[in-house]
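The structure under discussion appears below in the form of structure tokens.
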Protein chains: 2
Amino acid sequence: MSNRSNVTKQKLLDAATTIIMDNGVHQLTLDEVAKTAGVSKGGLLYHYPSKEALLTAIVERLQQEENELYESLQREGFGPVEAFVRLFDETKLHPERSPIQIDAEKMISFITLFAVDQEYAARWKRDLDAFFETFQKTSDPAETMIIRYALEGMMMSEHFGVGVPPAELKQAIITRLIERAKHIDTKP
Amino acid sequence: MSNRSNVTKQKLLDAATTIIMDNGVHQLTLDEVAKTAGVSKGGLLYHYPSKEALLTAIVERLQQEENELYESLQREGFGPVEAFVRLFDETKLHPERSPIQIDAEKMISFITLFAVDQEYAARWKRDLDAFFETFQKTSDPAETMIIRYALEGMMMSEHFGVGVPPAELKQAIITRLIERAKHIDTKP
DNA sequence: TCAAACAAACCGTCTGGTCGGTACAGAAAC
DNA sequence: GTTTCTGTACCGACCAGACGGTTTGTTTGA
């Protein structure tokens with residue numbers, strides 16, 4: 001794969017991501033992606049031979065970025081649970097920090113990706129299942145899972161913009177989650 | 001509105017719900033709904049003049065049923081937070097109990113409803129915002145919000161089928177959440 | 001010069017919505 | 001008491017646009 005090809009592919013993924021963010025998946029048409037990326041539809045389909053292939057690529061890139069951040073946090077010395085909390089804190093709990101406006105519809109759109117691409121959803125599920133199994137072997141599995149669930153719920157809430165608490169309360173929640181995570185990580 | 005009309009409308013909502021459950025929203029076509037309900041497409045559009053109107057009606061009915069259950073739990077004497085936990089426990093955390101198979105795609109589909117119908121999403125958001133504001137005035141707002149988030153996250157996890165813990169752990173989590181809710185409700 | 005990297009017209013299908021009609025129950029008119 | 005009228009409930013053929021994907025043609029860089 002040449003360098004030129006790679007640049008175009010990244011442009012296409014960026015374009016698709018932008019469209020999903022701004023307008024939702026139901027507006028993600030091949031024509032629109034091609035137009036936004038400054039490429040013709042034929043060019044798009046040359047690199048991603050179907051819409052599903054494009055969606056898969058989007059999610060794949062997203063997941064890879066996430067994994068890298070998690071591993072880097074662990075290398076910084078955070079325990080597995082605390083690293084998980086901090087991963088969310090840095091990337092998923094503050095949509096207002098993001099340069100791109102993210103609201104309910106956009107978050108839903110990303111979730112919907114998985115509905116569209118069943119094959120990928122299955123792979124994604126297997127990965128996550130394996131990951132969360134380690135969460136059931138900490139010093140306090142129930143508490144660990146509650147932290148995990150809370151983070152996921154909070155992420156949804158923030159991105160949907162539904163029942164979002166004031167900033168101080170939000171910070172208090174995160175702080176408390178970090179404390180508990182730390183506690184779990186340090187116990188035997 | 002006559003009784004006959006009402007019966008047909010309910011049949012249509014049932015059909016639409018079934019289709020979403022079984023196949024996902026992207027398979028929810030007017031023709032399919034009409035066929036499932038044993039009505040013609042014209043008949044469907046007579047009662048719900050657009051697809052959006054149909055989706056709105058689905059969500060509206062869903063929300064109403066939920067409100068009624070929550071209020072009945074409170075009448076049974078459970079505090080607001082505990083009633084909230086039990087609401088989830090009874091209706092949202094055990095997809096395997098449901099007579100209808102619910103998996104990732106199906107849950108996503110329901111969520112996607114809100115993406116499709118922006119107008120309704122706004123109304124829904126306002127209602128929930130008001131509700132969760134009361135959650136920020138309990139004896140321990142941070143803890144209350146963590147419980148809420150955990151329930152929402154757990155619901156997602158269960159319906160997506162991602163990282164689902166074994167039954168005992170699941171029960172332990174719910175038990176712990178109820179205990180904490182009870183504690184919050186009984187403190188001043 | 002040859003293959004990779006695009007462009008753009010074109011096709012078939014799917015689907016939301018329209019529209020002209022039908023059936024029928026009751027009210028109105030006579 | 002029959003006829004006419006009217007509104008509700010429903011049918012199903014049809015249309016127009018959107019969209020994924022194909023095909024065929026063109027450019028470009030090594």
Side-chain angles (χ1 to χ4, degrees), chain A residues 1-20 22-59 105 109 112-121, chain B residues 1-20 22-59 105 109 112-121:
Chain A
M1 198 191 318
S2 79
N3 185 41
R4 181 168 160 221
S5 172
N6 236 324
V7 170
T8 307
K9 283 181 119 174
Q10 291 304 317
K11 266 201 305 186
L12 286 167
L13 292 186
D14 289 341
T17 306
T18 303
I19 291 170
I20 292 177
D22 290 346
N23 306 101
V25 258
H26 62 282
Q27 299 247 11
L28 186 86
T29 67
L30 297 184
D31 286 290
E32 199 56 33
V33 174
K35 200 177 120 198
T36 305
V39 174
S40 75
K41 193 173 176 179
L44 158 58
L45 283 161
Y46 172 77
H47 291 290
Y48 299 104
S50 71
K51 192 178 188 181
E52 195 169 318
L54 178 66
L55 291 174
T56 302
I58 293 172
V59 179
E105 205 188 340
S109 302
T112 315
L113 281 180
F114 299 102
V116 177
D117 184 348
Q118 280 114 318
E119 200 179 313
Y120 185 79
Chain B
M1 199 190 320
S2 79
N3 186 41
R4 180 163 162 224
S5 172
N6 237 324
V7 169
T8 306
K9 285 180 117 176
Q10 292 304 316
K11 266 201 306 186
L12 286 167
L13 291 186
D14 290 341
T17 305
T18 303
I19 291 170
I20 292 177
D22 291 347
N23 307 100
V25 258
H26 62 283
Q27 298 245 13
L28 185 85
T29 66
L30 297 184
D31 286 290
E32 200 56 33
V33 174
K35 197 178 122 200
T36 306
V39 174
S40 76
K41 193 173 177 180
L44 159 59
L45 284 162
Y46 172 78
H47 291 290
Y48 299 105
S50 72
K51 192 177 188 180
E52 196 169 316
L54 178 67
L55 292 174
T56 302
I58 293 172
V59 178
E105 204 188 340
S109 302
T112 315
L113 281 181
F114 299 102
V116 176
D117 184 349
Q118 280 115 318
E119 200 181 313
Y120 186 79

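The sequence lines fix the lettering, A, B, ..., with proteins before strands; numbering per chain opens at 1.
Atoms NZ (B/Lys35) and P (D/dC11) sit 15 Å apart, rounded to a whole Å. If you take NZ of A/Lys11 and C1' of C/dC6, they are 11 Å apart, rounded to a whole angstrom.
To the nearest 0.5 Å, atom OG1 of residue A/Thr8 and atom NE2 of residue A/His47 are 4.5 Å apart. Note: A/Ile19 CD1 to A/Asp14 CG = 11.0 Å, rounded to the nearest 0.5 Å. Of the inter-residue distances, the one linking A/Ile58 atom CD1 with A/Thr17 atom OG1 reads 5.0 Å to the nearest 0.5 angstrom.
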Which parts of nucleotides 16-24 of chain C does protein reach within less than 4.0 Å, heavy atoms only, written one letter per nucleotide 5' to 3' as B for base, S for sugar-phosphate only and - for none?
BBB------

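Note on A/His47: a side-chain N or O is less than 4.0 Å away from OP1 or OP2 of C/dC6. The phosphate of D/dA9 (OP1 or OP2) has no side-chain N or O of B/Thr8 nearer than 4.0 angstrom. Here A/Tyr46 reaches the OP1 or OP2 of C/dA5: one of its side-chain N or O atoms lies under 4.0 Å away.
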Below 3.5 Å between N/O atoms, which protein atoms pair up with nucleotides 24-30 of chain D? Just atom names and distances, please.
none

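The side chain to side chain donor-acceptor pair (under 3.5 Å) test applied to B/Glu32 returns no partner, not counting sequence neighbours. With sequence neighbours excluded, the residues forming a salt bridge (Lys or Arg N to Asp or Glu O under 4.0 Å) with B/Lys41 are B/Asp31, listed by chain and number. Remark: B/Lys51 engages B/Leu28, B/Leu30 in a side-chain contact (heavy atoms from CB on, under 4.5 Å) (not counting sequence neighbours).
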Show, in sequence, the C-alpha distance, side-chain angles and deciding distance for A/Leu13 and A/Leu54, and conclude whether the side-chain contact (heavy atoms from CB on, under 4.5 Å) test is met.
CA-CA 8 Å; A/Leu13 292 186; A/Leu54 178 66; 4.0 Å; yes

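Taking every heavy atom of both residues into account, B/Ala57 and B/Tyr48 meet most closely at CB-CE2, 3.6 Å.
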